[in-house]
Amino acid sequence: MVHNVALVLGGGGAAGNAWEIGVIAGLAEAGLDLTEAADLVVGTSAGATAAAQVRSGIPSAELLASVLSPPVQPVGQNREQPPSLPMATVFERMRAIGAAATSAAGLQRAMGAFGLESDSILGPAAAGQRRAMVAARLPRAEWPDRPMIVVAVDAHTGELAAFDRDSGVDLVDAVTASTALPGLTPTHSINGTRYINGGVRSSENADLASGFANVVVLSPFGGRDQAPPARGADPAGQFEGLRKFPGADLASQVEALRKQGSHVEVITPDADSRAAMGTRQMDPATRVPAARAGFAQGKQEATRMTLP
């Protein structure tokens with residue numbers, strides 16, 4: 001294998017993004033700086049935002065500090081949030097789509113159809129508002145020089161879209177597409193094609209790190225997203241119970257990478273991080289506790305990780 005280290009950042013809402021930044025800062029504090037070590041960063045959904053942050057050239061300690069600091073509202077900026085469907089309704093619909101699907105491709109197409117259907121409800125102004133919000137979260141508007149992949153899904157066909165600096169797509173558009181969760185945010189149009197959240201395919205998309213000798217996966221969900229809740233019980237978190245077919249789940253992707261000869265390290269939230277992230281991972285109020293817990297966990301994880 002020619003390539004050395006790939007860093008995979010999975011989806012996980014506001015809590016997951018903050019936790020990933022915290023873990024990366026904690027690892028760096030303990031002497032393992034993945035912002036420097038990673039030859040490739042793969043980002044999906046909230047992990048796409050984290051990937052752009054990690055590849056921005058800003059030290060991880062500063063990235064963490066920005067998460068822990070209250071956001072500054074620029075004078076005159078429109079404070080109105082883009083419209084969305086009720087969150088509980090959206091996740092119930094996505095679980096129903098998963099339950100009815102008979103294949104991974106069918107699930108992805110059905111999720112795309114849900115996203116396209118929701119566009120008319122969200123209204124034409126929502127797309128521009130959403131893109132502006134994503135742009136405000138990114139430290140840099142340009143693609144980094146070092147390799148990075150941002151994962152989305154074609155809403156029309158359900159097929160994978162892996163954007164990089166050679167795709168001819170602006171970084172802001174790529175991240176907006178990767179974070180476009182059907183029902184909650186509008187599909188994102190790029191060159192006439194509409195895209196939805198890359199987590200519809202896989203929460204991590206770790207298979208895109210194929211060919212790397214070492215793969216580090218940060219998974220805010222830790223594979224829990226495909227586990228259905230017990231009959232009559234509410235899911236333990238907003239994203240849990242969303243179906244993933246074999247090959248799209250974290251365990252399958254890690255096993256495939258290891259069979260190819262990759263050394264794979266997987267970091268999932270420990271008990272303290274899970275408590276800090278809570279069950280409403282989309283809630284911005286989870287960001288500070290999740291980042292702090294991630295930082296503490298990252299320092300601990302560094303003691304067990306073995307990267308040549």
Side-chain angles (χ1 to χ4, degrees), residues 11-17 44-49 78-137 150-161 163 169 172-203 205 221 225-226 234-235 237-245 248 280-284:
N17 171 268
T44 299
S45 192
T49 304
N78 183 2
R79 297 168 183 262
E80 184 178 346
Q81 292 289 314
S84 65
L85 298 175
M87 203 166 289
T89 301
V90 169
F91 285 106
E92 182 181 347
R93 176 71 180 276
M94 289 197 290
R95 291 187 184 95
I97 289 172
T102 58
S103 68
L107 185 152
Q108 289 161 212
R109 285 193 299 271
M111 286 289 218
F114 175 39
L116 293 168
E117 169 195 326
S118 302
D119 284 349
S120 61
I121 301 172
L122 299 178
Q129 289 177 285
R130 175 67 183 170
R131 188 184 189 280
M133 286 182 61
V134 171
R137 294 172 183 164
V150 172
V151 185
V153 168
D154 186 318
H156 308 280
T157 66
E159 294 176 348
L160 165 72
F163 298 116
V169 173
V172 174
D173 287 308
V175 176
T176 305
S178 185
T179 56
L181 196 63
L184 291 183
T185 59
T187 61
H188 190 63
S189 180
I190 301 175
N191 299 325
T193 300
R194 294 195 169 274
Y195 295 93
I196 58 171
N197 196 293
V200 166
R201 177 183 186 262
S202 164
S203 297
N205 290 292
F221 296 144
D225 54 329
Q226 72 270 12
D234 291 330
Q238 289 171 320
F239 289 89
E240 273 128 329
L242 300 183
R243 186 176 183 183
K244 299 295 181 192
F245 281 84
R280 299 187 62 82
Q281 297 97 336
M282 295 291 288
D283 187 347

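Annotation: side chain of Leu107 is in contact with side chain of Val200 (closest heavy-atom distance under 4.5 Å).
For Ser45, the side chain to side chain donor-acceptor pair (under 3.5 Å) partners at least two apart in sequence or on another chain are Asn197. Evaluation of the side-chain contact (heavy atoms from CB on, under 4.5 Å) rule for Thr179 yields Thr49, Arg130, Val134, Val175 as partners, not counting sequence neighbours. Partners of Asp173 according to the salt bridge (charged side-chain N to carboxylate O under 4.0 Å, His left out) rule, which considers only residues two or more places apart in sequence or in another chain, are Arg131.
Among residues at least two apart or in separate chains, there is no salt bridge (Lys or Arg N to Asp or Glu O under 4.0 Å) pair with a member in residues 175-186. Listed by first and then second residue, the salt bridge (Lys or Arg N to Asp or Glu O under 4.0 Å) pairs involving residues 180-194 amount to none (not counting sequence neighbours).
Shown here for Ala180 and Pro186, the closest heavy-atom pair between the two residues is CB-O, 3.4 Å. Taking every heavy atom of both residues into account, Ala101 and Phe245 meet most closely at O-CZ, 3.6 Å. Looking at every heavy atom in both residues, Ala48 comes nearest to Val150 through CB-CG1, 3.8 Å. Listed here is the closest heavy atom pair of Arg201 and Ala248: O-CB, 3.2 Å. Across all non-hydrogen atoms, the minimal contact from Gly192 to His156 is O-NE2, 4.4 Å. Here the shortest heavy-atom pairing between Ala152 and Phe163 reads CB-CE1, 3.9 Å.
We find the CD-CD distance between Gln108 and Glu159 to be 9.5 Å, quoted to the nearest 0.5 Å. Atom CE in Met133 sits 10.5 Å away from atom OG1 in Thr176 (nearest 0.5 Å). Distance check: Ile97 CD1 to Arg95 CZ gives 12.0 Å after rounding to the nearest 0.5 Å. With rounding to the nearest 0.5 Å, the separation of CG in Leu184 from CE in Met94 is 6.0 Å.
In terms of modelled atom types and a separation under 3.5 Å, the side chain of Ser178 and the main chain of Thr44 share no donor-acceptor contact. Side chain of Ser203 to main chain of Gly199: no donor-acceptor pair is present (N/O by atom type, distance under 3.5 Å, no hydrogens or angles).
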Which atom pairs, donor and acceptor, lie under 3.5 Å between side-chain atoms of residues 109-121 and protein residues at least two apart or in another chain?
unit_1: Glu117; atom_1: OE1; unit_2: Arg93; atom_2: NH2; d: 3.0
unit_1: Glu117; atom_1: OE2; unit_2: Arg93; atom_2: NH1; d: 3.3
unit_1: Ser118; atom_1: OG; unit_2: Phe114; atom_2: O; d: 2.8
unit_1: Asp119; atom_1: OD1; unit_2: Thr187; atom_2: N; d: 3.0
unit_1: Asp119; atom_1: OD1; unit_2: Thr187; atom_2: OG1; d: 3.4
unit_1: Asp119; atom_1: OD2; unit_2: Thr187; atom_2: OG1; d: 2.5
unit_1: Ser120; atom_1: OG; unit_2: Glu117; atom_2: O; d: 3.1

